[in-house]
Novice: 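Sending over a structure as structure tokens; questions will come in a sec.
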2 protein chains.
Amino acid sequence: MIFQDSSIDCPNNSANGGIRFEIFMDSKELKDFIFHGDKVFLPHVSVDCVIFGFHDNELKVLLLKWKEGPWCLPGGFVKYDESVDDSAIRVLHERTGLRNIFLQQFHTFGHPTREKGKKTTHAKSWISKRFISIGYYALVEFSKVNPHPDMLSTECKWWDVLKVPTLIYDHKQIMNRALEAVRLDLNDHPVGYNLLPEKFTMPELQCLYETILNEKLDRRNFQKRILAMDFLVKLKERKIGGAHKAPFLYRFDKKKYSHALKQGLKSNW
Amino acid sequence: MIFQDSSIDCPNNSANGGIRFEIFMDSKELKDFIFHGDKVFLPHVSVDCVIFGFHDNELKVLLLKWKEGPWCLPGGFVKYDESVDDSAIRVLHERTGLRNIFLQQFHTFGHPTREKGKKTTHAKSWISKRFISIGYYALVEFSKVNPHPDMLSTECKWWDVLKVPTLIYDHKQIMNRALEAVRLDLNDHPVGYNLLPEKFTMPELQCLYETILNEKLDRRNFQKRILAMDFLVKLKERKIGGAHKAPFLYRFDKKKYSHALKQGLKSNW
DNA sequence: GCAAAAGTGTTCTTCTTACACCCATGG
DNA sequence: CCATGGGTGTAAGAAGAACACTTTTGC
């Protein structure tokens with residue numbers, strides 16, 4: 001897994017202050033990109049990011065809508081001197097404004113017909129050629145994201161993973177594969193730090209797990225198991241305001257959480 | 001995982017009859033490859049294969065030795081109309097003579113300095129440029145392999161994974177990552193079909209697992225657990241000729257084995 | 001006061017681990 | 001005959017699954 005610094009903290013994520021969206025805004029830059037992008041980016045290699053968030057008890061995925069076109073995953077290209085991981089980090093920052101995101105490479109998609117129906121209006125451009133795409137998934141805190149379309153898109157918004165529309169090329173497969181990867185990773189890595197607010201309740205955490213797994217879990221067993229993993233701190237406070245009995249708040253123990261992330265856990269949901 | 005046809009059987013693997021090693025043999029072809037390979041292959045993308053075999057109670061890995069150079073993993077490039085998986089399949093066939101091999105993509109390596117010390121005798125050639133490499137591992141039956149160097153190499157031979165020499169670039173890391181991937185896959189996939197002869201004994205299978213995991217396992221518990229997975233068939237015969245009590249022979253139940261491969265198992269070694 | 005959600009422990013079952021004795025074979 | 005490896009089963013411990021009652025709150 002990748003963290004953009006050694007801490008799991010995200011000190012620069014709050015609000016949008018100081019974030020430079022390094023994207024091309026006008027059509028001159030778009031033309032430059034299409035006709036001269038190969039001066040900057042490696043040909044034939046792209047990065048696609050499946051960005052997951054959690055909101056309203058739904059697992060969300062951030063999608064872009066192409067101008068007069070279908071929806072797709074946020075993606076990008078690899079600069080000549082940039083690592084592939086850094087490309088994914090850059091894409092994530094450009095689309096969400098976030099840094100220090102939990103990012104994981106899960107598969108590389110390289111079938112020659114994966115971009116079926118690719119339009120060839122600029123057939124000679126590097127961009128109309130075949131691309132091999134390296135898939136990453138990210139887990140981000142929904143409320144901190146400022147969705148931002150790229151120069152090819154008009155819209156950038158969250159979709160419920162259960163209701164995503166038709167996606168371009170093989171992007172639906174990529175998304176499903178990312179989901180599988182997240183579910184598998186749930187077995188040996190703690191999840192939640194980047195998906196939940198700082199303080200959260202046990203039922204909220206359980207709902208997150210249930211949503212990712214798309215399956216109901218037993219309340220008592222869930223609590224026992226999560227607490228046994230020993231990376232939560234139970235707070236004195238309860239969440240007030242909701243109907244019904246006020247649940248306790250918890251937060252992650254950053255140190256233990258990081259350790260569990262690196263170390264791995266033995267658990268099967 | 002990838003099988004080159006729907007069966008896990010390897011009917012074409014025995015001996016070398018009819019295998020066409022599609023490699024370049026003389027220096028004209030080598031020159032063609034260096035200066036015009038980019039007409040055939042995608043630039044900047046390569047495939048590296050970590051080919052594991054099992055022999056003499058050792059986990060082996062197939063390595064190539066470059067002319068006047070270090071050892072490296074067998075690798076190759078992706079043809080313009082070829083899927084990345086097929087490139088790996090092609091590399092495997094060219095180096096081992098085998099088809100229908102168990103092949104698994106495990107990670108893509110894309111750091112810009114991963115090929116540290118890359119020689120630039122043909123600095124203008126596509127081949128001296130930066131490459132992003134897609135890692136595959138393969139599990140093959142040692143005795144059926146006919147190691148075959150490629151046009152850049154003088155030697156192709158098996159090494160004990162515990163004794164591999166210094167490898168070029170980041171190939172040692174790639175190998176170690178492949179080992180991790182195999183060990184993880186051991187948790188939810190049966191292993192052995194492509195590593196052991198058709199008939200084998202329980203101690204042999206256990207030795208395979210112990211070698212992969214680099215850890216001793218309890219004889220009785222191993223047997224219970226493996227048999228509970230229900231993809232072995234116990235034969236009436238025993239293995240004769242060895243010293244000591246003759247152990248029973250087993251074979252894989254092809255149907256159940258394939259099913260377990262697709263379905264996954266729940267097990268933690 | 002009632003419906004809906006949250007707090008909390010115990011039992012049963014299953015899986016995992018640890019462990020020992022007898023048997024066959026070659027030298 | 002003995003050293004070595006192989007065949008086999010059981011008992012204890014750990015982990016997972018199933019499960020119920022009481023409390024709090026808003027309406």
Novice: Are Phe109(B) and His107(B) near enough that their ring centres are under 6.0 Å apart?
Specialist: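 Ring centroids of Phe109(B) and His107(B) are less than 6.0 Å from each other.
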
Novice: Expressed in angstrom and rounded to an integer, what is the separation of Lys239(B) atom NZ from dG5(D) atom C1'?
Specialist: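 Those two atoms, NZ and C1', are 13 Å apart.
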
Novice: Taking the nucleotide of DNA chain D with the closest heavy atom to each, which residue, Lys234(B) or Arg225(A), is nearer the 5' end?
Specialist: Lys234(B)

Novice: Rounded to the Å, how far apart are Leu217(A) CG and dA18(D) P?
Specialist: 11 Å

Novice: Base contacts versus sugar-phosphate-only contacts with protein, heavy atoms under 4.0 Å: please encode nucleotides 19-27 of chain D as B, S and - from 5' to 3'.
Specialist: BB--BBBS-

Novice: In terms of relative ring orientation, are Phe231(A) and Tyr257(A) parallel, tilted or perpendicular, with 30° and 60° separating the classes?
Specialist: perpendicular

Novice: Quick check: do Leu59(A) and Phe52(A) have side-chain heavy atoms less than 4.5 Å from each other?
Specialist: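 The answer is yes; the side chains approach within 4.5 Å.
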
Novice: Are Lys255(B) and Asp253(B) ion-paired here, with the side-chain N under 4.0 Å from a carboxylate O?
Specialist: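 Salt bridge: no.
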
Novice: Charged N to carboxylate O below 4.0 Å: is that the case for Glu58(B) and Lys60(B)?
Specialist: yes

Novice: Out of the candidates Arg95(B), Arg177(B), Arg114(B), Lys172(B), only one should pair with Asp48(B) under the salt bridge (Lys or Arg N to Asp or Glu O under 4.0 Å) rule; please name it.
Specialist: Arg114(B)

Novice: Along DNA chain C, 5' to 3', what are the outermost nucleotides having an atom less than 4.0 Å from a heavy atom of chain B?
Specialist: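 With heavy atoms of chain B under 4.0 Å away, the range is dT17(C) to dG26(C).
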
Novice: Could you give the distance from CG (Leu261(B)) to CG (Asp188(B)), rounded to the nearest 0.5 Å?
Specialist: 10.5 Å

Novice: State yes or no: are the ring centers of Tyr193(A) and Phe102(A) separated by less than 6.0 Å?
Specialist: no

Novice: Take atom OH of Tyr250(B) and atom C1' of dG6(D), then tell me their distance rounded to the nearest Å.
Specialist: 10 Å

Novice: Rounded to the nearest angstrom, tell me the gap between atom CD in Gln223(B) and atom C1' in dG9(D).
Specialist: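 For the pair Gln223(B) CD and dG9(D) C1', the rounded distance is 11 Å.
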
